[in-house]
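Structure, as structure tokens:
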Amino acid sequence: MHNYNLKPLVIALVIIHAYFGVTTKGQLRVGFYSQTCPFAESIIRNAVQTAVSVDRQIAPRLLRLLFHDCFVQGCDGSILLENGETSERNAKGNLGLAGFEVIHNAKAQLEATCPGVVSCADIVALAARDAVALTAGPFYGVPTGRRDGRISNIQLAANLPDVDDSIELLRSKFREMGLSDKELVLLSGGGHTIGTSACFFMPKRLYNFTGHGDSDPAINSQFLPQLKAQCPLNGDVNVRLPLDLSSQFTFDDHIFHNIRNGFAVLASDARLYDDKNTRQVLDSYVGFTNRRPSFKADFAVAMVKLGNIGVKTGSEGEIRRVCNSVN
Ligand code: HEM
């Protein structure tokens with residue numbers, strides 16, 4: 001039997017792997033573009049920064065975009081595709097999604113610098129990170145190397161978490177994505193530390209909670225008349241309310257205090273306080289002991305996990321030339 005020395009081959013493969021930014025199945029890594037498109041992350045950061053400096057509502061939109069991309073067919077940029085009425089992005093749960101132009105703009109700049117290299121799915125993940133950092137949230141390393149999906153179908157987005165879901169349903173929808181109760185609280189409650197909601201998502205909570213013309217009892221009695229005044233029955237569903245009352249532009253733990261005190265705007269945020277487990281997680285971030293975990297650090301870890309859901313790597317999918325259509 002020949003005794004081949006495979007060491008040089010293995011070393012060469014490792015170098016090729018690192019140089020050309022190839023990922024093995026399912027694996028992402030921080031700095032994936034460091035050789036193939038060294039300025040990728042700074043190009044994206046600049047695009048996000050410029051957009052947010054013009055309109056600070058863009059930051060929460062970019063954060064929300066990642067969640068909606070990852071929960072349908074994994075983080076594969078499918079939310080960006082436009083293929084008519086049946087596009088994934090037209091699903092009811094995706095209503096109000098915005099910030100697409102920032103992703104398209106970053107992609108155009110990346111294509112001019114290093115064509116065919118940076119995936120739209122990675123741009124979404126990096127832009128969400130940059131948006132969080134720009135609102136005083138944590139800055140964390142984003143593992144990259146995602147490839148773009150080729151499918152967009154409205155029906156695949158039918159099962160997104162809904163504002164009016166029970167806590168049991170929210171938990172099971174997160175668990176299906178490999179996310180724990182802790183991550184449900186951090187990402188959905190915590191993610192709503194910035195941004196706004198349209199009145200469109202309020203009627204059941206305010207006017208027909210159990211089907212008898214009642215309101216969600218979790219709403220603080222001082223807050224209920226304010227919410228009703230802002231979102232009257234049969235009023236303009238496009239009026240927008242801050243999700244984290246009095247702190248909508250700053251990434252902080254204020255949202256958890258609001259949820260605990262009955263000032264959650266979204267029903268799904270209020271539900272996090274209905275359940276013993278999720279309540280305990282939420283309370284841990286607003287506790288007053290020295291052992292209080294860091295919301296920002298834990299949010300960053302949860303974001304990396306969100307960004308890993310069902311990713312396409314290696315030879316799966318493609319690197320789109322433009323983000324709103326397949327190659
Ligand atoms: C239980 C799961 C969730 C539900 C039911 C939910 C629901 C909603 C709804 C109804 C809105 C208002 C949309 C609009 O009117 O434009 C919203 C906004 C938002 N969501 Fe969630 N969400 C969930 C989880 C998440 C997660 C995991 C994140 C990110 C980590 C997130 C980030 C955001 C942000 C930043 C906004 C504000 C968007 C803006 O200002 O345009 N959400 N969410």
Side-chain angles (χ1 to χ4, degrees), residues 51-52 55-72 75 79 89 91-100 102 124-125 127-129 131-132 134-135 137-138 140 142 157 159-205 230-231 236-244 247-251 255 259 264-275 278 282 295-296 298-307 309:
V52 172
D55 176 3
R56 44 186 188 162
Q57 308 279 1
I58 296 279
R61 290 172 184 165
L62 292 172
L63 171 57
R64 185 172 180 232
L65 208 51
L66 179 70
F67 162 54
H68 286 250
D69 187 26
C70 296
F71 262 58
V72 181
C75 316
I79 192 66
R89 64 196 263 181
K92 178 182 167 258
N94 286 331
L95 206 109
L97 274 185
F100 296 98
V102 183
V124 172
R129 181 270 310 269
V132 165
L134 280 170
T135 54
Y140 50 91
V142 177
N159 208 24
L160 275 168
D162 186 274
V163 256
D164 296 316
D165 284 347
S166 66
I167 184 65
E168 289 76 23
L169 195 50
L170 293 172
R171 295 170 80 176
S172 77
K173 286 180 177 178
F174 271 64
R175 213 168 299 142
E176 264 172 49
M177 298 292 153
L179 298 172
S180 65
D181 285 0
K182 181 178 169 186
E183 286 146 355
L184 166 65
V185 173
L186 282 164
L187 293 169
S188 73
H192 294 153
T193 176
I194 52 172
T196 55
S197 170
C199 285
F200 176 83
F201 292 103
M202 303 302 291
K204 185 166 191 284
R205 177 164 211 229
Q230 284 169 301
C231 299
D236 181 357
V237 293
N238 296 309
V239 170
R240 300 191 72 84
L241 316 173
L243 293 173
D244 184 10
S247 172
Q248 71 172 105
F249 294 111
T250 312
F251 191 101
I255 182 75
I259 294 173
V265 168
L266 294 180
S268 57
D269 286 349
R271 298 292 76 79
L272 299 174
Y273 219 64
D274 286 357
D275 170 82
T278 49
L282 198 148
F295 164 46
K296 292 187 183 182
D298 288 359
F299 183 82
V301 173
M303 283 292 282
V304 170
K305 204 160 164 201
L306 172 69
I309 296 174

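Just so it is clear, the structure is predicted and the values come from calculations on it, not from any experiment. Start at 1 and go down the list; that is how both ligands and their atoms are numbered. Counting from 1, the numbers follow the sequence of the chain as shown.
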*asked:* Return the closest protein heavy atom for atom 24 (C) of ligand 1 as residue, atom name and distance.
replied: F67 CE2, 3.2 Å
*Taking atom 16 (O) of ligand 1 as the reference point, the nearest protein heavy atom with its distance*: R240 NH2, 2.7 Å
*Distance, nearest 0.5 Å, that separates CG of L170 from CG of D164*: 10.0 Å
*Charged N to carboxylate O below 4.0 Å: is that the case for D162 and K173?*
no
*D162 to ligand 1: N or O pair under 3.5 Å?*
no
_Test of understanding: given a 4.0 Å heavy-atom threshold, classify the contact between Q57 and ligand 1 as side chain, backbone, both, or neither._
neither
*Report the nearest protein non-hydrogen atom to atom 33 (C) of ligand 1: residue, atom name, distance rounded to 0.1 Å.*
H192 CD2, 3.3 Å
*From atom 36 (C) of ligand 1, work out which of L243, L170, N238 has a heavy atom at the shortest distance.*
L243
*Give a yes/no on ligand 1: does F71 have at least one heavy atom closer than 4.0 angstrom to it?*
no
*T196 to ligand 1: N or O pair under 3.5 Å?*
yes
*Are any of the N or O atoms of A198 closer than 3.5 Å to those of ligand 1?*
yes
*With heavy atoms only and a cut-off of under 4.0 Å, state how S268 meets ligand 1: side chain, backbone, both or neither.*
side chain
